[in-house]
Amino acid sequence: MANMSLKKVAIPEQDPNVRNKNFLEVALGYTEDMAKEEAQRCLQCKHKPCVQGCPVNVKIPEFINLVAQGDFEGAYNKVKETNALPAVCGRVCPQESQCEQLCVRAKKGESVGIGRLERFVADWHMEHGKDEKVEIKPNGKKAAVIGAGPAGLTCAGDLAKQGYDVTIFEAFHTPGGVLMYGIPEFRLPKAIVQKEIDALKEMGVKIKTNMVIGKVHSIDELMEEGFEAVFIGSGAGLPSFMKISGENLNGVYSANEFLTRINLMKAYQFPDCDTPVRVGKKVAVVGGGNVAMDAARSAKRLGAEEVYIIYRRSEEEMPARLEEVHHAKEEGIKFKLLTNPTQILGTEDGWVKAIECIEMELGEPDASGRRRPVAKKGSEHEVEVETVVIAIGQSPNPLIKSTTEGLQTQKWGGIIVEEETGATSKEGVYAGGDAVTGAATVILAMGAGKTAAQAIHEKLMSK
Ligand code: FAD
Ligand code: SF4
């Protein structure tokens, strides 16, 4: 008999006033009983609308049915059939705009907690399950992957399973991409990402770090060395700025630098790390996406007394996940909506002292379909802050394009690919993830890595 409660089983979380001072994970996860109770809310719909909302077609009703029966390892294996990183996706996927949005239970009440259940089975497996050793028959072919983010890791894993000798070239000293350097520990513990990376190494994937392709080697050089296919999964790590005066003052960070220092260089453990990050008592974070929420919540945890999110549209248009906005509010982040910075003001010795903003109102929809923010004349005002973090978007770094003959890109830098295969304009070179789409999501990057691995395999096997 289905559990007809209109609400999801609540997930235990750290208290907001405790967690906003530490970097431990916010949500603590379901117990076995909670997971079974939530799984019983699923109606096992024959037409499976939830699956249509999942970019990698996880067999949602099937895995939830196994959870309801208490077969947690079976449920994990069911998810793993199509999703290589369930512990990551269960935590960071925007389920509310994907599978959970299409769940029939969401028509009246809350959807089934698909993401929470996915996370539960992945964590249960990590604690109690066993990974079968996959027997791999080498096929004698070499493939190179540029970038160790979700796109590159997924592509590398799928190629390794097909017997390829795979080498990942990663620019940073640590693999994982945004999962390691962008998304904070309190949302995605790094030990989970490391486990996935270790599993790839077990399969024989080689990961060469501190290897900036375009500087250390070019793609042509890799192909001359005998790599028969190259996958570019180099992400979108080039931060955008507002082009207003004061952006070069001390105390202004791109979200990229701010979060990298905190997550990758562990600045939050200072002085037990090499890289401190200076955070003032009052901090403004400009932007309304996940990156902005992560930067604001990190600033609070580093001791800032007041943290403002400054966003030029209203809450309805905010691209951040609902859960992140909700958590940020609970943790005391203040939202200055319909507000846009006009300049950053500095002290005589070059440090930030305030950000000048103007109020906005929403006009007609623009090309993105969202209502265009229009400045309200005469509403300029100053907000006193000592730190400004700019989180208004990122684009692909032009390094690879500028060092690769014949690689076509969009004007804004996204690599142009054939949608069905991920093939670029250069023979033997494939691409996917944020390097192609611009800043998007983990699951889409993984899907693109999978598509390209399949296309590479078909192409090389047909040679
Ligand atoms: P990346 O993860 O960016 O990985 C690219 C890798 O390539 C990096 O490791 C980089 O160092 C390396 N690289 C770059 N250039 C070179 C080169 N020349 N040579 C060698 N290596 C190179 N998505 C969600 O679904 N949910 C979320 O909650 C979410 N939150 C986010 C929070 C933040 C702060 C950020 C920044 C992004 C967030 N995203 C989220 C987006 C998501 O993380 C990305 O869409 C996803 O990581 C893209 O994967 P990718 O593999 O294409 O690129
Ligand atoms: Fe279960 Fe919702 Fe999917 Fe129906 S739509 S099968 S209720 S998760």
Side-chain angles (χ1 to χ4, degrees), residues 16-17 19-23 181-182 184-186 239-312 318 320 324-325 327-360 379-394:
N17 284 318
R19 70 179 192 237
N20 66 10
K21 296 175 194 66
N22 69 52
F23 274 77
Y181 78 77
E185 179 79 19
F186 57 81
S240 306
F241 286 90
M242 292 178 291
K243 303 192 177 76
I244 58 174
S245 92
E247 277 184 304
N248 54 353
L249 285 165
N250 293 319
V252 179
Y253 297 90
S254 69
N256 209 310
E257 180 193 347
F258 188 70
L259 289 169
T260 303
R261 277 173 182 258
I262 296 169
N263 297 316
L264 199 61
M265 284 32 174
K266 307 280 176 226
Y268 61 92
Q269 291 171 353
F270 191 76
D272 297 329
C273 71
D274 297 333
T275 307
V277 64
R278 183 183 180 276
V279 175
K281 288 205 168 97
K282 293 187 177 180
V283 177
V285 177
V286 183
N290 287 323
V291 183
M293 298 305 135
D294 284 343
R297 296 173 71 197
S298 298
K300 188 85 185 169
R301 283 163 170 77
L302 286 167
E305 287 165 11
E306 304 237 328
V307 182
Y308 307 108
I309 286 278
I310 298 184
Y311 180 57
R312 63 194 183 134
M318 271 197 164
E324 304 319 321
V325 176
H327 280 153
K329 284 185 181 168
E330 278 188 338
E331 289 167 13
I333 309 297
K334 297 187 174 143
F335 283 66
K336 288 186 175 291
L337 302 171
L338 290 166
T339 303
N340 205 24
T342 46
Q343 59 173 322
I344 304 170
L345 307 164
T347 59
E348 274 176 14
D349 52 355
W351 289 87
V352 172
K353 69 169 187 187
I355 184 163
E356 188 195 81
C357 299
I358 189 161
E359 288 174 24
M360 311 293 282
S379 65
E380 291 86 350
H381 57 281
E382 281 179 24
V383 183
E384 221 180 87
V385 288
E386 291 132 13
T387 306
V388 174
V389 183
I390 299 168
I392 57 166
Q394 293 113 250

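- By the side-chain contact (heavy atoms from CB on, under 4.5 Å) test, Gln343 is found to be paired with Ser245, Leu345, Glu356, residues two or more places apart in sequence or in another chain being considered.
- With sequence neighbours excluded, the residues forming a salt bridge (charged side-chain N to carboxylate O under 4.0 Å, His left out) with Arg297 are Glu324, Glu331, listed by chain and number.
- The minimum heavy-atom distance between Ala320 and Val325, with the atom names listed, is CB-CG2, 3.8 Å.
- Considering only heavy atoms from C-beta on, Arg19 stays 4.5 Å or farther from Phe186 through its side chain.
- Within the structure, salt bridge (charged side-chain N to carboxylate O under 4.0 Å, His left out) pairs that include any residue of residues 277-289 do not occur (at least two apart or interchain).
- A distance of 9.0 Å separates CG of Asn248 from CG of Asn250, quoted to the nearest 0.5 Å.
- Residues passing the salt bridge (charged side-chain N to carboxylate O under 4.0 Å, His left out) test with Lys21: none are found, sequence neighbours excluded.
- Of the inter-residue distances, the one linking Ile244 atom CD1 with Thr342 atom OG1 reads 6.5 Å to the nearest 0.5 angstrom.
- Looking at every heavy atom in both residues, Ala304 comes nearest to Val283 through CB-CG2, 3.7 Å.
- In this structure the side chain of Ser298 reaches within 4.5 angstrom of the side chain of Leu259, judged on heavy atoms.
- Applying the salt bridge (charged side-chain N to carboxylate O under 4.0 Å, His left out) rule to Glu257 yields the partners Arg261; only residues at least two apart in sequence or on another chain are considered.
- Screening residues 342-355 for salt bridge (charged side-chain N to carboxylate O under 4.0 Å, His left out) gives no qualifying pairs among residues at least two apart or on separate chains.
- Residue pairs meeting the ring pair (Phe, Tyr, Trp, His ring centres under 6.0 Å) criterion with at least one member in residues 258-307, sequence neighbours excluded: Phe23-Tyr268, Tyr253-Phe258.
- Between His381 atom NE2 and Ile358 atom CD1 the span is 9.0 Å, to the nearest 0.5 Å.
- Applying the side-chain contact (heavy atoms from CB on, under 4.5 Å) test to Asn256 and every residue at least two apart in sequence or in another chain returns Tyr181, Pro239, Ser254, Thr260, Gln394.
- The side-chain contact (heavy atoms from CB on, under 4.5 Å) search around Lys336 returns Tyr308, Ile310, Thr339, Val383, not counting sequence neighbours.
- With sequence neighbours excluded, the residues satisfying side chain to side chain donor-acceptor pair (under 3.5 Å) with Lys334 are Glu306.
- The two atoms that bring Pro341 and Ile355 nearest to each other are CB-CD1, 3.8 Å, heavy atoms only.
- Separating the NZ atom in Lys300 from the CG atom in Asn20 is a distance of 6.0 Å, to the nearest 0.5 Å.
- When all heavy atoms of Val385 and Val352 are compared, the pair lying nearest together is O-CG1, 3.5 Å.
- Taking both residues in full, the closest heavy atoms of Ala267 and Val277 are given as CB-CG1, 3.7 Å, listed atom of the first, atom of the second, then distance.
- Atom CD of Glu384 has 12 or fewer heavy atoms from other residues, nucleotides or ligands within 6.0 Å.
- With sequence neighbours excluded, the residues forming a salt bridge (charged side-chain N to carboxylate O under 4.0 Å, His left out) with Lys329 are Glu315, listed by chain and number.
- Residues Val389 and Ala295 come closest through the heavy atom pair CG1-CB, 3.9 Å.
- Panel note: side chain Ser240, backbone Ile392; no donor-acceptor pair is recorded below 3.5 Å.
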Using a 3.5 Å cut-off and no angle test, enumerate the donor-acceptor pairs between side-chain atoms of residues 284-293 and protein atoms at least two apart in sequence or in another chain.
from   : atom 1 : to     : atom 2 : distance (Å)
Asn290 : OD1    : Arg321 : N      : 3.0

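- Between Met318 atom CE and Ile309 atom CD1 the span is 6.0 Å, to the nearest 0.5 Å.
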